[in-house]
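Scroll down for the structure; my scribbles are underneath it.
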2 protein chains.
Amino acid sequence: MNTDAYQQLCQIFRRISRFDHLSAVAGWDMQTMMPAGGSRARGEALAELSVLRHQLLTGKQVGELLSAAQQQSLNEDERASLYEMTRQWQQASLLPDELVEAKAIAGSECEHAWRTQRPANDWRGFSANLRKVVALSRREAQIRASASGTSPYDALLGLYEPGMTRQTLDPVFADLKQWLPGLLQQVVSKQSQALPLQPEGIFPQAAQKQLGLQVMALLGFDFNHGRLDVSAHPFCGGVPDDVRITTRYDEKLFLSALMGVIHETGHARYEQNLPRRFAGLPVAQARSTAIHESQSLLLEMQLARSPGFLQLIQPLVAETFGSQPALETDNFIRLAQQVKPGVIRVDADEVSYPAHVMLRYEIEQALIDGIIEVEDIPALWDEKMHHYLGLDTRGNFKDGCMQDIHWTDGSFGYFPTYTLGAMYAAQLFASAHQQLPSLGEQISRGDLQPLFGWLEKNIWQHGSRLSTSELITKATGEGLNSQFFRRHLEKRYLG
Amino acid sequence: MNTDAYQQLCQIFRRISRFDHLSAVAGWDMQTMMPAGGSRARGEALAELSVLRHQLLTGKQVGELLSAAQQQSLNEDERASLYEMTRQWQQASLLPDELVEAKAIAGSECEHAWRTQRPANDWRGFSANLRKVVALSRREAQIRASASGTSPYDALLGLYEPGMTRQTLDPVFADLKQWLPGLLQQVVSKQSQALPLQPEGIFPQAAQKQLGLQVMALLGFDFNHGRLDVSAHPFCGGVPDDVRITTRYDEKLFLSALMGVIHETGHARYEQNLPRRFAGLPVAQARSTAIHESQSLLLEMQLARSPGFLQLIQPLVAETFGSQPALETDNFIRLAQQVKPGVIRVDADEVSYPAHVMLRYEIEQALIDGIIEVEDIPALWDEKMHHYLGLDTRGNFKDGCMQDIHWTDGSFGYFPTYTLGAMYAAQLFASAHQQLPSLGEQISRGDLQPLFGWLEKNIWQHGSRLSTSELITKATGEGLNSQFFRRHLEKRYLG
């Protein structure tokens with residue numbers, strides 16, 4: 001028996017994390033800095049790295065060391081660490097190499113073609129590629145499901161939110177379906193009685209960036225370990241020691257870039273505060289996609305769109321762009337809280353957003369289960385869009401079922417984590433207020449440290465040491481409870 | 001016998017080039033974008049990559065495949081390619097792993113400490129570290145010399161300029177020593193009769209950058225395969241498909257950043273035009289450090305400081321910064337051609353520069369041969385600085401023998417390639433003019449295509465297919481001839 005197995009595993013996983021570091025830098029650069037002509041060589045270099053990572057992670061030695069380490073006497077942290085190593089190894093090892101390769105090729109072809117097919121509204125061309133991706137994702141789901149004894153869709157969902165199943169999630173969405181469309185109508189009707197003034201003028205990119213940096217500083221972003229740049233699609237990348245967030249600027253609007261920066265700062269603070277003592281090990285990584293999203297939405301939706309926070313930053317905004325009626329406090333709050341159902345998910349307000357997710361959740365399940373085929377997507381999309389949001393997307397594929405990148409490379413099971421994140425955010429923010437009675441008043445004063453201290457203690461410092469369910473239960477006294485989210489929306493928008 | 005050996009080698013070297021791609025991106029990012037707090041993790045990731053590269057290159061398989069490929073029937077290009085593969089493999093395989101590691105550690109410690117020791121003028125502290133580096137470089141030189149049957153110093157020189165030896169170089173520098181100090185005095189005395197006006201005012205960084213980009217475009221830089229950024233020490237990095245050059249801006253001076261951009265554009269055009277048909281193979285790489293420098297100096301010194309080119313860009317300069325007497329054509333030319341001996345190599349004009357190289361060449365040879373020790377460097381430095389440049393560096397270690405980074409990590413043998421580059425540049429530029437009689441007139445008109453076509457045909461497209469000596473002979477009809485450089489200086493500065 002290899003008594004050193006656990007330490008050897010740590011060495012292997014730290015090597016893998018160094019490959020991931022390089023992949024994160026090269027990926028960030030590709031989105032922010034790289035001229036177009038560099039893409040072929042970059043793609044090849046990244047593919048080489050991902051093959052190498054896969055080989056290292058799935059090598060025979062790792063399986064043997066994992067078995068050996070199971071027999072070792074480990075403390076609680078080490079046991080959690082070993083559990084996460086095992087999970088990553090299983091996820092990577094389950095699929096045969098030919099399937100991994102076929103998925104990578106089909107996904108990359110589908111995504112690449114989508115970039116021109118979407119603007120051309122070319123559903124016919126896109127669906128031909130998507131069929132191949134779906135066929136491979138179904139195979140993947142079957143293989144993962146047999147290994148874990150779950151349903152095929154649950155097996156994919158678990159890649160993003162370990163432990164989450166349709167059994168838990170279906171009732172949450174069924175409940176949401178009952179009250180959300182009605183609430184949305186009520187909010188729109190209420191807001192129509194006093195629509196906000198829209199800010200007028202040009203909001204120069206350089207000024208928007210300065211404002212973004214000031215707000216990041218207010219939110220505790222550590223600029224010694226990260227930076228802000230521009231990309232076509234905003235994201236949070238990099239590594240915990242060097243977190244790279246991005247935004248995009250529209251000089252006629254400033255609120256979307258500002259709220260985007262706050263959103264990515266939520267992701268960034270989680271990454272920057274992951275436990276350093278496990279650096280490079282899977283247990284030091286963020287718990288899940290949904291918990292990550294809960295941190296971005298807690299900052300963007302729970303905190304930054306609250307009247308207290310908006311009052312706090314209003315002087316900064318007015319100072320940056322000059323005073324105008326639309327930027328006065330009352331109107332500024334109404335602007336930031338305006339609800340406007342639209343066909344595009346990424347532009348949606350927090351009331352409409354879950355409807356976008358719900359329809360994708362329903363369609364992708366049926367797709368993975370083989371109940372529908374790719375050809376059936378547009379009709380279902382149009383019907384649900386009409387039903388949940390009262391909007392018409394017929395014939396408008398580019399702003400309908402072709403709008404997202406997720407399905408192009410087979411990321412089925414990802415969408416629900418957006419709404420799970422929103423629900424966790426509401427539950428966590430409510431618990432923080434309950435446990436820290438002065439929190440609301442502290443936020444209005446600009447003293448955000450108590451909130452961040454609470455998040456660090458309850459979420460950030462744990463990495464993946466606890467399951468999502470343990471993490472939420474320890475922080476809030478109960479498991480996922482979607483009523484916090486409902487109460488939050490009702491209070492903010494109808495209260 | 002493995003009939004496929006050559007193709008297998010190509011696969012291995014293409015993999016290595018993908019690691020080099022990642023290393024280039026992460027290295028560029030470190031110098032231009034990375035916040036300070038990211039350095040530890042970045043250093044670890046880059047070290048991991050360099051270990052991996054070394055393992056892949058020196059693996060037993062590579063040696064066997066190289067032997068097998070020798071027996072294959074290969075065409076001329078493939079034979080040149082195999083020769084370069086063999087050279088890289090030998091260079092990497094010759095040193096025992098413990099020496100590679102000891103060098104990396106001693107070099108990194110010496111360089112790291114130097115960053116604070118230099119500003120503190122701490123020769124005592126620095127020399128203690130440098131002694132370790134020198135001891136390891138002497139071992140390296142011995143090992144490489146025994147393997148190649150050359151002298152120890154030649155073995156190091158050959159790492160940067162394959163095929164170059166002291167036997168060729170000593171007479172070149174001996175000749176230089178005869179005429180350069182006198183020429184320098186004559187030039188300074190001549191110029192003192194009509195010193196140029198210095199430009200006055202603030203030259204904003206953004207305007208300097210715009211001017212730099214315009215001049216890069218004039219010089220044919222391909223912005224679809226590269227970009228310009230800022231770093232503390234200007235460099236040309238990236239990969240041929242995506243060449244990253246940098247500069248630094250001083251808002252009180254603009255000429256040094258502008259000339260720096262032109263210099264790096266010379267490196268960049270060589271990289272961007274290396275032969276694509278061998279992409280990823282050693283034979284597709286730049287021939288040598290000296291040939292690389294010849295391309296940057298051909299653009300910066302031969303072309304860009306010529307009256308024809310300065311007249312061409314003077315309107316751009318005046319338009320960018322507004323007119324003032326110092327920017328009128330005659331004065332602008334005198335500014336760009338001003339000779340001012342100083343103690344700092346990187347700030348030196350083209351007449352003083354070889355003196356800086358000469359003194360380093362003499363000292364580093366004696367050091368590697370064991371004729372002097374680290375303790376002896378300052379006295380020799382001061383004496384030669386006095387002798388060649390008439391300047392006093394006694395006690396001023398930071399602007400004397402501690403000013404360069406090269407020796408800190410054991411890059412002995414590098415310095416002479418700067419002057420070789422200047423000589424090749426003069427020889428190539430003179431030959432281009434001889435072979436293209438309208439070239440001078442074309443340059444004055446802003447038609448630079450004939451010059452670039454000539455460089456592409458004679459230098460860029462060859463990569464490492466020819467030796468330096470073959471390359472220069474094919475392009476100019478003779479081997480290295482330092483008289484072209486002398487005639488260039490005499491004509492420009494005394495003519």
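If you're wondering where the values come from, they're calculated on a predicted model, not measured in any experiment. Chain A is the first sequence line, chain B the second, and so forth, proteins listed ahead of strands; every chain is numbered from 1.
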Under the salt bridge (charged side-chain N to carboxylate O under 4.0 Å, His left out) definition, can you give me all pairs with a residue in residues 260-271 of chain B, not counting sequence neighbours?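 For residues 260-271 of chain B, and leaving out neighbouring residues, there are no salt bridge (charged side-chain N to carboxylate O under 4.0 Å, His left out) pairs at all.
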Give me each pair satisfying salt bridge (charged side-chain N to carboxylate O under 4.0 Å, His left out) with a member in residues 31-43 of chain A, each pair once, sequence neighbours excluded.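 Residue pairs passing salt bridge (charged side-chain N to carboxylate O under 4.0 Å, His left out), neighbours aside: Asp29(A)-Arg42(A), Arg40(A)-Glu44(A), Arg40(A)-Asp241(B), Arg42(A)-Asp242(B).
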What pair of heavy atoms forms the shortest contact from Pro35(A) to Gly226(B), and how long is it?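 Pro35(A) and Gly226(B) have their closest heavy atoms at CG-N, 3.3 Å.
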Atom of Ala36(A), atom of Asn224(B) and distance for their closest heavy-atom approach: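 Smallest heavy-atom distance, with atoms named: CB-OD1, 3.5 Å.
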At a heavy-atom distance under 4.5 Å, which candidate from Gly38(B), Ala41(B), Gly238(B) has the highest pair count against chain A? Ala41(B)
Residues in residues 15-22 of chain B near chain A [non-hydrogen atoms, under 4.5 Å]: Arg15(B), Arg18(B), Phe19(B), His21(B), Leu22(B)
Listed by residue number, which members of residues 49-62 of chain B have a heavy atom under 4.5 Å from any heavy atom of chain A?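 Those residues of residues 49-62 of chain B which have a heavy atom under 4.5 Å from chain A are Leu49(B), Leu52(B).
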Just wondering, more than 12 heavy atoms not from Glu251(A) lying within 6.0 Å of its CD? yes
Just give me the residue among Met34(A), Glu48(A), Arg14(A), His225(A) that pairs up with chain B most often, heavy atom to heavy atom, under 4.5 Å.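 Most heavy-atom pairs under 4.5 Å with chain B: Glu48(A).
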